[in-house]
Protein chains: 2
Amino acid sequence: MKLTEAKQQFISSWGAFGTHWGINRTMAQIHALLLITPDPLTQDDIMEQLNISRGNTNMNIRDLINWGLVERVLMTGERKEYFSAEKDIWKVVKQIVKERKKRELEPMLKLLDQLEEVEGDKRDKNIKSFVDTVSSIKKLGRQADKTLDVMIKAEENWFVGNLVKLFK
Amino acid sequence: MKLTEAKQQFISSWGAFGTHWGINRTMAQIHALLLITPDPLTQDDIMEQLNISRGNTNMNIRDLINWGLVERVLMTGERKEYFSAEKDIWKVVKQIVKERKKRELEPMLKLLDQLEEVEGDKRDKNIKSFVDTVSSIKKLGRQADKTLDVMIKAEENWFVGNLVKLFK
DNA sequence: ATATATTTTCAAAAATTTTTGAAAGTTCGA
DNA sequence: TCGAACTTTCAAAAATTTTTGAAAATATAT
């Protein structure tokens with residue numbers, strides 16, 4: 001397979017992949033493009049390579065920056081802004097985990113705390129079933145939260161080494 | 001908070017939560033409803049409680065069954081089909097992990113294998129950057145794949161106990 | 001076998017999300 | 001201060017996803 005074709009494949013699969021994770025196709029594609037491009041790219045480069053409009057490009061780059069996955073790069077003597085993606089995949093994964101934890105897991109745990117305090121007789125079958133479900137989700141959620149905290153701080157070696165040993 | 005309100009909140013948040021994970025709102029809501037309802041429900045019960053059409057209900061129940069999260073229950077002497085969700089959250093999580101691994105992670109790893117074999121001189125900066133990215137994603141992906149395999153087989157106690165100790 | 005209850009399908013409609021592109025805003029050198 | 005280069009915004013259009021509901025298919029009781 002030729003490089004051009006391989007790149008194309010990677011970008012398009014990464015985009016499709018993203019949609020299974022609540023990330024829009026274009027955002028994932030821009031990320032993919034920046035991941036496999038050694039040098040920083042401008043908005044125009046990205047627009048051209050992915051065939052998307054200026055506005056779309058701009059918005060999705062902004063999102064990627066908010067996610068901490070892409071950064072603006074200033075080239076000396078150049079007026080245009082350049083963009084480049086973090087290439088260390090372990091760092092990328094940790095960053096995504098960190099953000100999703102903050103955006104999704106933590107608010108969910110907060111809500112579950114409230115729901116657990118539902119009024120009424122705990123012997124009522126309906127109340128019991130509700131509280132049991134909420135409690136067990138909360139318990140697992142808290143556990144996951146702690147586990148992810150450690151993961152976020154860990155080095156890749158730690159993950160690949162220790163954890164895997166444990167699993168044997 | 002009253003039970004009715006708490007249930008409503010849970011269902012609607014679970015639905016919103018689902019959309020961040022590429023799952024449609026209704027499917028997540030039906031799942032939530034079945035999780036907190038002690039007895040199995042019929043299609044009509046679900047339609048009524050969530051205010052959705054018959055077709056929509058039917059399709060999403062089918063999806064939930066395909067995901068292995070809901071099962072048909074036959075009530076003796078009843079003609080209608082009833083549905084009930086697995087209530088053990090650890091089992092639910094494992095089932096979801098298992099399915100997503102099969103549907104997403106494994107095909108992605110297969111693709112990366114192919115992409116890694118791109119033609120050309122590895123000293124070319126563009127080829128090198130591409131191959132490096134693909135390889136490192138593959139490496140981490142394979143690791144995750146193995147780790148998830150162990151997790152799928154594990155008991156909840158193992159997760160809550162051993163893993164957490166390791167993390168301290 | 002027929003009538004009735006129940007489930008499934010799927011084309012069209014509705015809702016939602018994404019994309020576009022032109023206008024407004026900003027930055028910066030001369 | 002002006003004007004060109006560049007970036008950002010956002011209402012409208014396009015694309016995509018989800019939902020509806022009525023018709024078709026299937027199952028069951030009599």
Side-chain angles (χ1 to χ4, degrees), chain A residues 11-34 40-67 69-84 103-104, chain B residues 11-34 40-67 69-84 103-104:
Chain A
I11 290 168
S12 110
S13 310
W14 205 248
F17 203 64
T19 62
H20 289 131
W21 294 84
I23 290 158
N24 89 48
R25 196 177 307 279
T26 303
M27 183 170 154
Q29 288 186 351
I30 294 176
H31 188 220
L33 173 63
L34 290 174
L41 298 178
T42 63
Q43 258 196 36
D44 291 82
D45 294 333
I46 295 169
M47 284 167 60
E48 194 184 334
Q49 296 219 36
L50 300 180
N51 250 290
I52 53 180
S53 71
R54 183 171 304 283
N56 195 9
T57 307
N58 192 275
M59 280 175 134
N60 282 294
I61 289 176
R62 170 140 49 53
D63 278 351
L64 284 165
I65 291 173
N66 288 338
W67 272 88
L69 299 174
V70 163
E71 60 172 20
R72 266 174 236 279
V73 177
L74 297 169
M75 303 294 243
T76 42
E78 287 260 25
R79 180 117 169 230
K80 275 185 181 166
E81 292 179 331
Y82 284 75
F83 301 95
S84 111
R103 295 175 191 210
E104 297 163 35
Chain B
I11 291 168
S12 109
S13 310
W14 206 247
F17 203 63
T19 61
H20 288 130
W21 292 85
I23 290 159
N24 87 49
R25 194 179 307 277
T26 302
M27 183 169 153
Q29 288 186 350
I30 294 176
H31 189 219
L33 174 62
L34 291 173
L41 297 178
T42 63
Q43 259 195 37
D44 292 82
D45 294 333
I46 295 168
M47 284 166 61
E48 195 184 333
Q49 294 218 38
L50 301 181
N51 250 289
I52 53 180
S53 72
R54 184 171 302 285
N56 195 9
T57 308
N58 192 276
M59 280 175 133
N60 282 294
I61 289 176
R62 171 140 47 55
D63 278 351
L64 283 165
I65 291 173
N66 288 338
W67 272 88
L69 299 173
V70 163
E71 61 172 18
R72 268 174 233 280
V73 177
L74 297 168
M75 302 296 243
T76 42
E78 287 259 25
R79 183 125 165 222
K80 275 185 180 164
E81 290 179 331
Y82 283 74
F83 301 95
S84 111
R103 296 175 191 210
E104 297 162 35

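Within every chain, numbering begins at 1; the chains are lettered A, B, ... in the order of the sequence lines, protein sequences first and strands thereafter. Values in this document were obtained by computation on a predicted structure and should not be read as measured data.
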>> Which is more 5' along DNA chain D, the nucleotide nearest A/F83 or the one nearest A/T19? Just name the residue.
In response: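 Result of the comparison: A/F83.
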
> Start at the 5' end of DNA chain D and walk down; is the nucleotide closest to B/G22 or to A/K80 reached first?
Replying inline: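 Its nucleotide being nearer the 5' end, the pick is A/K80.
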
>> Once you apply a heavy-atom cut-off of 4.0 Å, does A/N56 come out as touching a base, just sugar-phosphate, or nothing?
In response: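 If one applies the 4.0 Å heavy-atom cut-off, A/N56 turns out to touch a base.
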
>> Under 4.0 Å, heavy atoms only, any strand: does A/N58 hit a base, just the sugar-phosphate, or nothing?
In response: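 Contact class for A/N58: base.
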
> So, B/N56 side chain and B/I52 main chain: donor-acceptor pair closer than 3.5 Å or not?
Replying inline: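 Not a single qualifying donor-acceptor pair exists.
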
Round to the nearest Å and state the distance from [X] atom [atom1] to [N] atom [atom2].
X     : N      : atom1 : atom2 : result
A/D63 : C/dT18 : CG    : P     : 10 Å
B/M47 : D/dA22 : CE    : P     : 12 Å
B/R79 : D/dA29 : CZ    : C1'   : 6 Å
B/R72 : C/dT6  : CZ    : P     : 15 Å
A/N51 : D/dA14 : CG    : C1'   : 16 Å
B/M75 : C/dT6  : CE    : C1'   : 16 Å
B/I61 : C/dT9  : CD1   : P     : 13 Å
B/I46 : D/dT19 : CD1   : P     : 14 Å

>> Reading DNA chain C from 5' onward, which residue's closest nucleotide shows up sooner: B/E78 or A/S53?
In response: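 The 5'-side residue here is B/E78.
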
>> Quick check on DNA chain C: between B/R54 and A/M59, whose nearest nucleotide comes earlier from the 5' end?
In response: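 Its nucleotide being nearer the 5' end, the pick is B/R54.
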
From [X] atom [atom1] to [Y] atom [atom2], the distance as rounded to the nearest 0.5 Å:
X     : Y     : atom1 : atom2 : value
B/D63 : B/I23 : CG    : CD1   : 10.5 Å
B/R62 : B/F83 : CZ    : CZ    : 10.5 Å
A/I61 : A/M47 : CD1   : CE    : 10.0 Å

> Are any of B/R62's side-chain N or O atoms less than 4.0 Å away from OP1 or OP2 of C/dT9?
Replying inline: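 Checking B/R62 against C/dT9: at least one side-chain N or O falls below 4.0 Å of OP1 or OP2.
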
> OP1, OP2 of C/dT19 versus side-chain N and O of A/N24: anything below 4.0 Å?
Replying inline: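 For C/dT19, OP1/OP2 do have a side-chain N/O of A/N24 under 4.0 Å.
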
> Judged by modelled atom types alone, do A/T42 and A/D45 share a side-chain donor-acceptor pair under 3.5 Å?
Replying inline: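 Present: a donor and an acceptor within the cut-off.
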
> Among the nucleotides D/dT7, D/dT18, C/dT7, which one has an atom lying closest to any side-chain atom of A/E81?
Replying inline: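 The answer is D/dT7.
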
